[in-house]
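All figures in this text were calculated on a predicted structure; none of them were measured in a lab. In what follows, residues are counted from 1 in the order of the sequence shown.
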Amino acid sequence: MKAANLLHGYWRDHAPVAGISAILFVLCLIPVILVVFASLSTTVPRPGASTLGSLTLDNFTSLMTPNAANAFVNSLSVGLGAAIIALLIGGSLAFLCARTDAPGKRFIFFVGISPMFIPALVGALAWSFLASPSSGFLNVALRNLGLDFAVNIYSLGGLIFVLGIYYAPYGFLLMRSSFVLMSGDLEEAAAVHGASFGRTLRTITLPLVLPALLGAGILVFALAMQNFPAAQVVGMPGRVDTLPTFIYRLMSTTPAQSNQAAAVSVILTIGLLIFTVLQQRVVSRRKFTTVTGKGAISRQVPLGGFKWLIMGYVLVYFLVSIALPMLALLVTAMQESPFFSTIAQLIQPGALSLGRLWTTLQSLDFHVGLRNSIIVSVLAAGFGTLLSFLASYIRHRSISGCRGLIDFIAMTPLAIPSIVMGMGLLWTWLLIPIPVYGTVWVLVIACIAVFFPQGYQGISASILQIGNDLEDSAVLLGARRARAVRTITVPLMRVGITSTFLLFLMMSMRELSAVIFLFTSDTRILSIMVFENFENGQIQAAAAVSVYYCVVIACIAILGQVLGSMEKRRNASQHQPHSLAS
């Protein structure tokens, strides 16, 4: 009897950890294992295979070719260049928004984060319309002005530029929080002792935000290196290959060179794993404490006569990242004829029409793509949030000594490029005898797997802020644990849960890399429609779908803002003192 009780207690303590770990293992680790297996084998995982193939290192010889070496060098250059641009733009906007008396700080904040809501695929597509060497709007305008100069976006510099401006929000958000929390005491002391603004910035301000600066830089470097959509749209026309586009090309050839693609994927993953670990260590450092129990007010730097020059800089970035690209998409979608030699032709009567946009809105393909995108995003958000909650709850509420395993498995996809996860998920769900391949469910699984680390971190941050006293008290008073969680813990975590749901929703709607190998003609989503139209030379169709794609993403962003405002008002009303008057 005693042994049975011990066994029951052991099972009760460890079964939840084992169960959630098994689910995450299938979701996050098996795809990576299969990619590694394929890189070391003469065959790829597939249903009905009679043998597993023999082990070999010959697949890695593809890395010794000039094309692979060129792709590797280009990836490093893109990562470094995009990180520098993103830090310069994002850091400067963060400083203006948090530490200066610049006018229109709300507008600066909006400009700082708004490019995040434009998928890199759409941003790259828009800039291909703006700066294509032969027919880009900017180059046509330059020729009309008689200037012997052209902007070529189809180049290594063009790719770096596009990724830099669309990853700048990451630098803005990470560095703004550091600037906001920074005490102004040291800067005030330097100013009192006669230090100039430039010297104070160089010797005090920047060293204090160094962890945020380095963390943002490493993050952008890793994101730019693994970016596939922008590299394919902007890089490939100019024969600028990167490792993700090299992997895609190996998988897309006939016959597919899947083993060689897996070998390249392993090398890319190892490199990103190193940078991810480095970024996590840098961000978690606490050697630059400037917020103490004394309290402090951050020093506001007066801009003086430079205020409007600074606002001009903000407006230029807004034009480059939002206004011009969106205008280019709209004009391209509305052109009656894609051929024009002067900008003046575009403003002539009949040159622009809503016909293409209206035709796209009525087309069956668009309806299917929109429906699939909404289904995939909502299901991924719902199940991803639920799984994130279960994993985080078991990790932080369980007494099992093995609960740390959940952290390891849950965070693994953070270091895996999305296109590599997509390749691994393809082989995983071809092998597992569950009929999800060829349905929207495999796309849902892909989005959950790729974005699970972000969801898990978001839920964990909320659950760690809530003590388990109320929940335990309810259990002691006779409530089942599930009821205590449903009626106490979940309502207290509604902000974190809602934020995680919206995060999954937004990121799933934007995703392309992870689903590029998983879709069928019946399961195409909006990102796939944009990509295929561009690849097939249907430029106007790609622009029209992109316009609606951005509208859908904007609606999600607005929904997040509305829910956030409602939550703030609810919290404010709950904290207002109640009147005792009868």
Side-chain angles (χ1 to χ4, degrees), residues 78-118 120 123 160-184 186-187 190 195-225 227 275 278-291 298-303 306-307 309-322:
V78 166
L80 182 60
I84 292 173
I85 293 176
L87 289 180
L88 288 174
I89 296 175
S92 60
L93 292 177
F95 183 78
L96 292 173
C97 191
R99 303 305 303 278
T100 72
D101 62 349
K105 287 190 176 182
R106 288 189 178 181
F107 177 70
I108 296 176
F109 182 82
F110 168 75
V111 172
I113 66 170
S114 54
M116 184 176 288
F117 303 121
I118 297 179
I160 290 172
F161 168 77
V162 169
L163 290 176
I165 61 174
Y166 287 106
Y167 282 138
Y170 292 91
F172 172 80
L173 290 174
L174 288 174
M175 296 187 68
R176 179 179 177 273
S177 62
S178 185
F179 281 129
V180 169
L181 293 174
M182 183 192 303
S183 170
L186 294 177
E187 293 171 314
S196 64
F197 168 71
R199 185 175 182 184
T200 302
L201 183 68
R202 186 178 66 256
T203 59
I204 296 178
T205 307
L206 290 181
L208 287 176
V209 297
L210 188 60
L213 181 69
L214 292 176
I218 296 172
L219 175 63
V220 173
F221 180 89
L223 290 173
M225 265 197 74
N227 183 280
F275 285 108
L278 182 60
Q279 192 261 349
Q280 293 293 320
R281 289 188 176 184
V282 168
V283 170
S284 64
R285 290 167 66 184
R286 294 292 184 269
K287 296 182 180 179
F288 297 84
T289 304
T290 61
V291 180
S298 60
R299 177 174 179 259
Q300 296 294 299
V301 178
L303 296 178
F306 291 97
K307 282 185 179 181
L309 181 63
I310 294 297
M311 287 306 296
Y313 162 70
V314 175
L315 286 173
V316 167
Y317 177 61
F318 177 72
L319 287 172
V320 166
S321 62
I322 301 295

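Taking Lys307 as the reference, Asp101 meet the salt bridge (Lys or Arg N to Asp or Glu O under 4.0 Å) condition, with sequence neighbours excluded. For Pro115, the side-chain contact (heavy atoms from CB on, under 4.5 Å) partners are Tyr166, Pro169, Tyr317, Ser321, Ile322, not counting sequence neighbours. Residues satisfying the ring pair (Phe, Tyr, Trp, His ring centres under 6.0 Å) test with Phe109, not counting sequence neighbours, are Phe172. Among residues two or more places apart in sequence or in another chain, the ring pair (Phe, Tyr, Trp, His ring centres under 6.0 Å) test is passed with Phe107 by Phe318. Judged as a side-chain contact (heavy atoms from CB on, under 4.5 Å), and not counting sequence neighbours, the contacts of Ile160 are Val78, Ile85, Leu156.
Sequence neighbours left out, not one pair with a member in residues 211-222 passes side chain to side chain donor-acceptor pair (under 3.5 Å).
The nearest pair of heavy atoms linking Ala83 to Val220 is CA-CG1, 3.6 Å.
Side-chain contact between Leu96 and Lys105 is absent, with no heavy atoms from C-beta onward closer than 4.5 Å.
For the atom pair Leu219 CG and Leu173 CG, the distance stands at 10.5 Å (nearest 0.5 Å). Going from atom CG of Leu163 over to atom CG of Asn227 covers 5.0 Å, rounded to the nearest 0.5 Å.
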Donor-acceptor pairs under 3.5 Å, side chain of residues 86-94 to any protein atom, not counting sequence neighbours: which ones?
| residue | atom | partner | partner atom | Å |
| --- | --- | --- | --- | --- |
| Ser92 | OG | Leu88 | O | 2.7 |
| Ser92 | OG | Ile89 | O | 2.9 |
| Ser92 | OG | Tyr313 | OH | 2.6 |

